[in-house]
Number of protein chains: 2
Amino acid sequence: MQKRVTSFDVARKAGVSRGVVSAVLNQTAGIRVSEETRAAVLQAIEELGYRVDVQARGMRLGRSQCFAAFGNMDNPLFLQMLQGFQKHCTQAGYHVLLYGTDQDEAARYELLEMFRERRIDGIVSKDATQYADEAWAQAIQENKIPYISVDGYAENEAVCSVLMDYKASMKIALDHIWQKTSSSPIYMEVYSGPAYSLNWGDRQRRLGYEEWMIEHGLNPTTMNRMRNDREPNRSEWVSILREMELPAAVVCNWSYGARRIYEACHELHLRIGKDVYVMAADNTEQVNAYMIPPLSAVEVPYRQMGELAAQRLLQYVTGDVSLADTTTIRVPCRLEIREN
Amino acid sequence: MQKRVTSFDVARKAGVSRGVVSAVLNQTAGIRVSEETRAAVLQAIEELGYRVDVQARGMRLGRSQCFAAFGNMDNPLFLQMLQGFQKHCTQAGYHVLLYGTDQDEAARYELLEMFRERRIDGIVSKDATQYADEAWAQAIQENKIPYISVDGYAENEAVCSVLMDYKASMKIALDHIWQKTSSSPIYMEVYSGPAYSLNWGDRQRRLGYEEWMIEHGLNPTTMNRMRNDREPNRSEWVSILREMELPAAVVCNWSYGARRIYEACHELHLRIGKDVYVMAADNTEQVNAYMIPPLSAVEVPYRQMGELAAQRLLQYVTGDVSLADTTTIRVPCRLEIREN
DNA sequence: CTGTTAGCGCGTTCAG
DNA sequence: CTGAACGCGCTAACAG
């Protein structure tokens with residue numbers, strides 16, 4: 001096997017005991033080290049190219065310095081969240097173990113094992129907006145696992161989540177559209193079939209729309225259509241458009257709807273931005289900026305949410321914040337104006 | 001501190017010694033355990049809810065069961081690669097530590113520390129096609145680190161990489177376009193400025209184009225334009241299109257070019273798929289499927305490449321393949337036909 | 001054939 | 001600043 005440089009080697013070379021090496025490296029309170037000794041140790045470390053074995057340290061300390069990030073890898077928003085999360089963790093000397101799935105919720109429960117195996121010190125998951133599994137929440141509490149849900153458990157006070165204010169975001173979108181067009185905005189609500197139903201976020205958006213319209217003395221006009229990625233019902237969207245009074249202003253809860261409208265405009269030779277002004281309240285497919293013309297939207301600031309999740313998780317493991325404190329962390333939306 | 005169940009507890013409860021617990025769990029060769037004892041141990045484990053401390057095991061074994069995945073998180077292709085990589089690792093009981101960057105190449109060198117700290121057993125990186133940093137290659141070799149580059153070190157035999165055959169992929173695209181249109185295909189080559197230059201992959205594509213054209217008795221017609229995401233020179237693209245004989249067939253090395261052509265068509269009221277048939281040889285922005293109409297392309301199978309990388313890395317750590325064996329791993333391209 | 005013992009791997013920590 | 005114990009599991013050598 002590879003010969004490894006240990007703290008013992010360093011200690012010997014520097015003429016001190018191993019405890020000192022550790023103390024120098026960690027500035028251990030309670031062990032004072034003279035400047036010369038410290039220098040000698042550092043030099044020995046340098047010359048021998050010594051690195052602590054993080055597994056040995058982890059074992060002693062009972063911490064792994066790793067967090068698990070769980071989420072659906074097909075969802076680009078998860079990855080955006082990951083960016084913020086990872087960045088913050090790295091700064092704090094923490095590491096991110098990636099546990100992606102494709103819808104497989106059972107995989108989530110394996111994280112419990114990882115925790116008990118001491119492979120991870122905590123968990124962040126990017127969940128669906130309506131996610132609120134009770135069994136999982138319980139497992140987390142019973143095992144006293146530092147845990148944050150991004151987007152999930154919106155209405156469960158006992159689980160710490162990072163959430164955006166969907167209602168406010170809708171109003172911001174409407175403010176923008178109104179200032180831009182002065183047309184009474186139509187709300188195009190897309191839902192994922194088969195039956196009409198809205199998740200928590202979309203209910204908030206809907207509320208926001210209705211409130212805003214009333215506040216502005218306008219008459220709420222809403223429509224809804226089922227999402228269907230495989231066979232979008234093109235003609236249906238075309239006819240929706242045909243019946244609109246032009247110029248029209250439309251807000252979609254999902255960019256999916258905006259895309260369908262772009263398509264229908266293409267078909268009818270209508271000009272986006274002129275005949276029909278469109279805005280989205282998300283960027284699920286991450287293509288808003290690539291559409292022609294680019295699609296403005298109020299978007300969920302996932303990167304920032306990841307950072308906040310990391311921050312709170314770190315507070316949990318350091319004990320700065322008690323695990324019992326599950327106060328929701330709220331973030332404002334981000335208005336992305338893309339029309340040139 | 002949390003009281004932890006250790007192998008000692010299990011051993012006591014089962015009335016055996018700790019060595020047996022380990023043997024039962026790992027089917028250690030050389031230690032035979034009777035069926036009854038084995039059952040007793042398993043039951044004790046079950047009842048006490050015992051899990052091995054992976055850090056303790058890792059320390060003893062000198063392995064962490066973790067690989068690092070390094071790459072640019074802004075690049076969706078990295079994430080695709082990750083999916084395949086992670087899936088394969090998980091199946092083999094390995095874990096993936098995520099080290100994303102935003103261009104920061106210095107961060108890469110910190111992976112060396114992670115390895116020496118025994119936090120990781122190997123590294124995979126998603127690199128740019130032209131990546132071939134000599135210093136990094138040396139560091140890897142000197143430290144004897146199991147390492148795979150996806151897309152990088154195309155011409156360095158001493159580093160193990162997973163690569164696609166760009167030349168062949170271009171020919172496949174042309175076959176498709178030819179069968180579809182029977183127009184002589186024009187090659188639109190995009191490069192990232194400021195001066196005209198091609199990376200390895202694009203040189204291969206160019207070669208493929210030229211060979212194919214000659215094989216088909218056609219006259220190669222190539223153009224090139226600089227990529228500029230901030231201020232795409234719209235009028236330039238419009239004039240390119242204006243000068244084409246219609247109907248035209250165009251292959252772009254990057255989907256960026258295809259997007260510009262879509263845009264120009266939009267401007268000129270030309271119909272994609274009819275007046276101008278376009279195809280791309282990549283999917284860097286991951287928007288091909290979302291374009292209107294969807295853009296067909298030959299794409300790099302990153303998921304599969306990730307899986308292959310994981311596979312080889314595992315072979316390295318198990319010793320099934322020697323670190324000295326750096327044979328390139330080649331994968332075929334994937335033809336994605338998206339026109340309806 | 002079945003099981004035990006003791007030492008190891010490596011860094012941290014606390015009493016002296 | 002030192003010495004020794006500790007955290008936890010693995011395994012070679014050894015014993016019944």
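Heavy atoms only: backbone and side chains are in, while hydrogens, waters and symmetry mates are out.
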Worksheet item: Taking atom P of C:dG11 as reference, at what distance in whole Å does atom CZ of B:Arg60 sit?
Response: 15 Å
Worksheet item: Is it the case that A:Arg108 places NZ or CZ above or below the six-membered ring of A:Tyr131, under 6.0 angstrom from the centre and within 45 degrees of the axis?
Response: yes
Discussion item. I need the CZ-P distance between B:Arg12 and C:dT5, as an integer number of Å.
Written reply: 15 Å
Worksheet item: Just wondering, more than 12 heavy atoms not from B:Tyr109 lying within 6.0 Å of its OH?
Response: yes
Contacts table for residues 304-313 of chain A: side-chain donor-acceptor under 3.5 angstrom, sequence neighbours left out:
unit_1	atom_1	unit_2	atom_2	d
A:Arg312	NE	A:Gln315	OE1	3.2

Item to complete: Could you tell me whether a side-chain N or O of A:Tyr153 sits under 3.5 Å from a main-chain N or O of A:Asp133, the two making a donor and an acceptor?
Response: yes
Worksheet item: Starting at CZ of A:Phe8 and ending at C1' of C:dC8, how long is that distance when rounded to a whole Å?
Response: 14 Å
Worksheet item: Does the side chain of B:Glu105 reach to within under 4.5 Å of the side chain of B:Trp136, using non-hydrogen atoms?
Response: no
Worksheet, complete the sentence: Distance col, row A:Arg119:CZ vs B:Asp53:CG, nearest 0.5 angstrom, shows 10.0 Å
Worksheet item: Where the side chain of B:Leu61 is defined as all heavy atoms beyond and including C-beta, which of D:dC10, D:dC8, C:dT13 is the nearest nucleotide?
Response: D:dC10
Discussion item. On DNA chain C, compare the nucleotides closest to B:Ala56 and B:Thr37; which residue's is nearer the 5' end?
Written reply: B:Thr37
Worksheet entry | Any B:Thr6 side-chain N or O less than 4.0 Å from OP1/OP2 of D:dC8 | no
Worksheet item: To the nearest Å, how far apart are B:Met59 CE and C:dT12 C1'?
Response: 12 Å
Worksheet entry | Helical bend (five base pairs per end, nearest 10°) for the helix from C:dC1-D:dG16 to C:dG16-D:dC1 | 50°
Worksheet item: Can you tell me how far P of D:dC8 sits from CG of B:Leu25, to the nearest Å?
Response: 16 Å
Discussion item. With a 4.0 Å cut-off on N to O distance, would you call B:Arg63 and B:Asp121 a salt bridge?
Written reply: no
Practice prompt. Ignoring backbone atoms, establish whether B:Arg118 has a side-chain N or O less than 4.0 Å from OP1 or OP2 of C:dC10.
Written response: yes
Discussion item. Once you apply a heavy-atom cut-off of 4.0 Å, does A:Val16 come out as touching a base, just sugar-phosphate, or nothing?
Written reply: sugar-phosphate
Worksheet item: Is the number of heavy atoms from other residues, nucleotides or ligands under 6.0 Å of A:Lys13 NZ greater than 12?
Response: yes
Item to complete: In whole angstrom, give the distance that lies between atom CZ of B:Arg119 and atom C1' of C:dG11.
Response: 14 Å
Worksheet item: Do any of residues 41-51 of chain A sit with a heavy atom less than 4.0 Å from DNA chain C, and if so which?
Response: A:Tyr50, A:Arg51
Fill in: Polar side-chain contact A:Arg57-C:dC10 base: donor and acceptor under 3.5 Å
no
Worksheet item: Between the side chains of A:Gln55 and B:Arg118, is a donor N or O closer than 3.5 angstrom to an acceptor N or O?
Response: no
Fill in: Length of the line joining B:Asp53:CG and D:dC10:P, which is rounded to integer Å
10 Å
Discussion item. Expressed as a whole number of angstroms, how long is the span from B:Gln55:CD to C:dT12:P?
Written reply: 12 Å
Worksheet entry | Student check: side-chain heavy atoms of A:Ser64 and A:Phe115 closer than 4.5 Å | no
Discussion item. Let's see if you can work this out: which of D:dT11, C:dC10, D:dC6 has an atom nearest to the side-chain heavy atoms of A:Arg4?
Written reply: C:dC10
Worksheet item: OP1, OP2 of C:dC10 versus side-chain N and O of A:Arg18: anything below 4.0 Å?
Response: no
Practice prompt. Would you indicate which nucleotide in C:dG9, D:dC10, C:dG11 comes nearest to any side-chain atom of A:Ser7?
Written response: C:dG11
